[in-house]
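Remarks on the structure that follows.
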Amino acid sequence: MQNADIARILNRLANMLDIEGANAFRVHAYRSAAQTIESHPRALQEMVTHDAPLTELDGIGRDLAEKITELINTGRLTVLEEAEKRLPSGLLQLLRVSQLGPRRIRQLHEALGIDSLETLKKAARDGRIRALEGFGEKTEAGILKEAERLNDAPPRTRLDEAHRAADDLIAWLEHAKSAQRLSAAGSLRRGRETVGDLDILVSSEDGPAIMAHLMAYPEIAETVSHGKTKSTLRLHSGLQVDVRVVGDESFGAALYYFTGSRAHNIATRKMATDRGLRINEYGVYKGKQQLAGRTEEEVLAQIDLPWIPPELRENRGEIEAALEGTLPELVTLDDIRGDLHMHTTASDGKASLEDMARAAKRRGYRYIAVTDHSQRLAMANGLDARRLREQMTEIDALNERLKNFTVLKGNEVDILEDGSLDLPDDVLKALDVCVFSIHSRFDLSREKQTARILRAMDNPYVNILAHPTGRIINGREGYDVDMEAVLHGAKARGVFLEINAQPARLDLADHWARMARDIGVMLAINTDAHATEQLGHMALGVTQARRGGLERQDVLNTRTVTQLRKLMKR
DNA sequence: GCCGTTTTCGGCCCGACTGTTTTCAGTCG
């Protein structure tokens, strides 16, 4: 059981108690424990095995420690099972409908017997919801629209969760005696922001031995199918996994075949056919003779192509570029010299200014920008002009103590509804880096939202538009905005956009990143870290940038601090 | 449910804003 699994279960329990109307502080305690556990560097399962006290974690007391231990030791949680007996499981689905929170869900359940998305939609269509106290026609229509959207979009697993699951399974399979080479394939290897299921590939001369070893993997919840060279499983997390074994002489061909994408593979297989060759998961064949298969490079060389990075294999022009020799030299994590968006305890971060700086330095960075929230986000303890100036003084003092490292003065200033900014110009002017972003009024029309952002860009002191669409993966759609107009506006004004590397955001999405590159707007890849460990999300952001075809020179934070300072002066 | 002590209970959830419901639930990080 992984930390993410424990966190998911605690959140599930919190949601159920919330709908039941339990004490809000109790619900909050479960949620905050889940959050702590998810970002805890050590596996709780291992802590329990070694009798390390779980109460050392923030927000975990005697009771929660006991419950978590029960969960780890037995795979079950009594309080959750009891709650599940009291409450239809479909009610949890309803929380995904924006406009519905725990109170209203309870009300819908009690008054109308609604217990699932299906019954919710039926009640909305029948016009029964508008009759309830606190609801009206507009709310009813909004609920119906949301419920219908959710229905035809089964949730895919976020890239970070899929990575963790794949890494753990591969580590397990590496211990099988006959395992030779191992790799994840599929959309995970292509770095898509979400994956449907995991594809794990192993080369070995003894398929049945690998499969026997696999079957002992403790995370398996259900075996869907089980053969000599291929098995399909469902993990406790709900994620489906395909594991395939091929001979080592076919590993490259299989890796290529199962990495996809389907559209990419169809295109290259056609190229092979034109040459009288056949490509399948075992190799490149002329008749019955295998010409290649050991590595991807050898497979692609048979059709006169260089190796193509998996992130580009979507049949979006990469094959043509490969033929012409114009494949981009994609940005790598090693190219990143700093991180330009993060929070500290001054607003809603978990670590102090100095701790964030030192953690970034340990990662090998040369600089960071500290960008706490501005005053309007009172809930996140946003900074007003006075507190921001105090922080600047603090940063000056810190910079004197740090060697070979620069903390840049920044802020994540809120864009207000009319496109004005949440802090006065004279304080924005004093910043080294001004990140600006939207945290309210997601509901504006496309025209108004676009005009709002362009107006914010007119301010001469802003630099980087953060999480430019506001979307949350598996959570909410972004606001409606004309991204092409925003990018052209940014280009004209010397403003930059962000690829926010938070796993739930990854905003900009890959296609927008590519458009930015084509228009000539540099992007910053930033983690928006609220704790030191979250600085590690940079890798996800880099993957997203690679999918957009970005090279080193397209990314702002591959620059030196001197170059960066110049680019920030508009 | 956690935390901390003024030790076994009281405080903790922070606050501005929106919508259309008419007095508050939901949203934002």
Side-chain angles (χ1 to χ4, degrees), chain A residues 10-11 13-14 16-37 53-68 77 79-80 83 94-108 129-143 146 341-350 371-384 411-418 422 435 437-444 466-467 470-472 475-479 500 502 504-505 507 527-531 534:
Chain A
L10 290 180
N11 273 322
L13 178 56
M16 299 191 90
L17 294 172
D18 208 358
I19 291 171
E20 283 195 310
N23 180 304
F25 297 110
R26 184 178 170 216
V27 174
H28 179 252
Y30 282 117
R31 292 214 174 103
S32 92
Q35 206 182 349
T36 302
I37 291 166
L54 298 179
T55 47
E56 276 178 11
L57 273 74
D58 272 348
I60 295 186
R62 222 187 51 162
D63 184 273
L64 268 169
E66 226 169 75
K67 289 190 167 84
I68 294 163
L77 188 57
V79 273
L80 178 64
L94 304 187
L95 280 171
R96 297 179 54 214
V97 179
S98 65
Q99 299 169 301
L100 289 187
R103 284 276 291 254
R104 285 176 163 180
I105 290 172
R106 185 161 76 243
Q107 189 185 357
L108 288 167
I129 291 177
R130 71 183 72 171
L132 294 181
E133 197 182 331
F135 292 83
E137 268 184 59
K138 282 202 173 177
T139 310
E140 185 181 69
I143 288 172
E146 273 277 293
H341 183 174
M342 68 189 64
H343 300 268
T344 73
T345 42
S347 64
D348 59 348
K350 290 259 200 292
T371 56
D372 278 304
H373 289 291
S374 62
Q375 56 195 5
R376 199 204 68 91
L377 253 63
M379 214 172 91
N381 195 21
L383 277 61
D384 58 20
N411 189 260
E412 181 181 7
V413 63
D414 239 63
I415 303 174
L416 304 179
E417 182 172 350
D418 63 356
D422 189 33
V435 170
S437 60
I438 283 180
H439 295 110
S440 63
R441 294 311 308 258
F442 282 36
D443 59 332
L444 293 185
H467 40 75
R471 64 102 174 247
I472 299 289
R476 64 166 184 243
E477 306 276 316
Y479 33 79
N500 188 294
Q502 287 281 328
R505 287 193 183 271
D507 180 11
T527 64
D528 195 357
H530 286 66
Q534 291 178 17

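In the text below, chain A, chain B and the rest are named by the order of the sequence lines, each starting its count at 1. Model, not experiment: these values are computed from the prediction.
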Given [options], identify the nucleotide with an atom nearest to the side chain of [X].
X      : options                : value
A:H28  : B:dG29, B:dC13, B:dG15 : B:dC13
A:D348 : B:dG1, B:dG29, B:dA25  : B:dG29
A:T139 : B:dT20, B:dG1, B:dG29  : B:dT20
A:F442 : B:dC28, B:dT20, B:dA25 : B:dC28
A:D63  : B:dC14, B:dC2, B:dT20  : B:dC2
A:A378 : B:dT18, B:dG15, B:dC28 : B:dG15
A:R104 : B:dC2, B:dG26, B:dG29  : B:dG26

Got a sec? Which of residues 17-25 of chain A come in under 4.0 Å of DNA chain B, heavy atoms?
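Within residues 17-25 of chain A, the residues near DNA chain B are A:A24, A:F25.
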
Could you tell me how far [M] sits from [N] if I compare only their [atom1] atoms? Round to whole Å.
N      : M      : atom1 : answer
B:dG15 : B:dC9  : C1'   : 27 Å
B:dT20 : B:dA25 : C1'   : 12 Å
B:dC17 : B:dT22 : P     : 23 Å

Check whether any side-chain nitrogen or oxygen of [X] sits under 4.0 Å from OP1 or OP2 of [N], and answer yes or no.
X      : N      : answer
A:R441 : B:dT27 : no
A:R476 : B:dC28 : yes
A:R31  : B:dC12 : no

Keeping the roles fixed (side chain from A:S374, backbone from A:D414), state whether a donor-acceptor pair exists under 3.5 Å.
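Looks like yes, one N/O pair under 3.5 Å.
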
Heavy-atom side-chain contact between A:L64 and A:L54 under 4.5 Å
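In short, these two side chains do not touch, never coming nearer than 4.5 Å.
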
By the 4.0 Å heavy-atom rule, please label A:H373 as base, sugar-phosphate, or nothing.
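The residue A:H373 makes sugar-phosphate contact but no base contact.
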
Stem regions touching DNA chain B, defined by at least 3 consecutive Watson-Crick or wobble G-U pairs below 3.5 angstrom
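Only these stems qualify: B:1-4 with B:9-12, B:15-19 with B:24-28.
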
Please report the C-alpha distance between A:R476 and A:E146 in whole Å, then the side-chain angles of each, then the deciding distance to 0.1 Å, and finally whether the side-chain contact (heavy atoms from CB on, under 4.5 Å) criterion is met.
CA-CA 10 Å; A:R476 64 166 184 243; A:E146 273 277 293; over 6 Å; no

Could you walk me through whether A:E417 and A:L444 pass side-chain contact (heavy atoms from CB on, under 4.5 Å), step by step?
CA-CA 9 Å; A:E417 182 172 350; A:L444 293 185; 3.9 Å; yes

Reading DNA chain B from 5' onward, which residue's closest nucleotide shows up sooner: A:L100 or A:G134?
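The 5'-side residue here is A:G134.
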
Return the 5'-most residue of the pair A:G101, A:Y30 with respect to DNA chain B, ranking by each residue's nearest nucleotide.
A:Y30

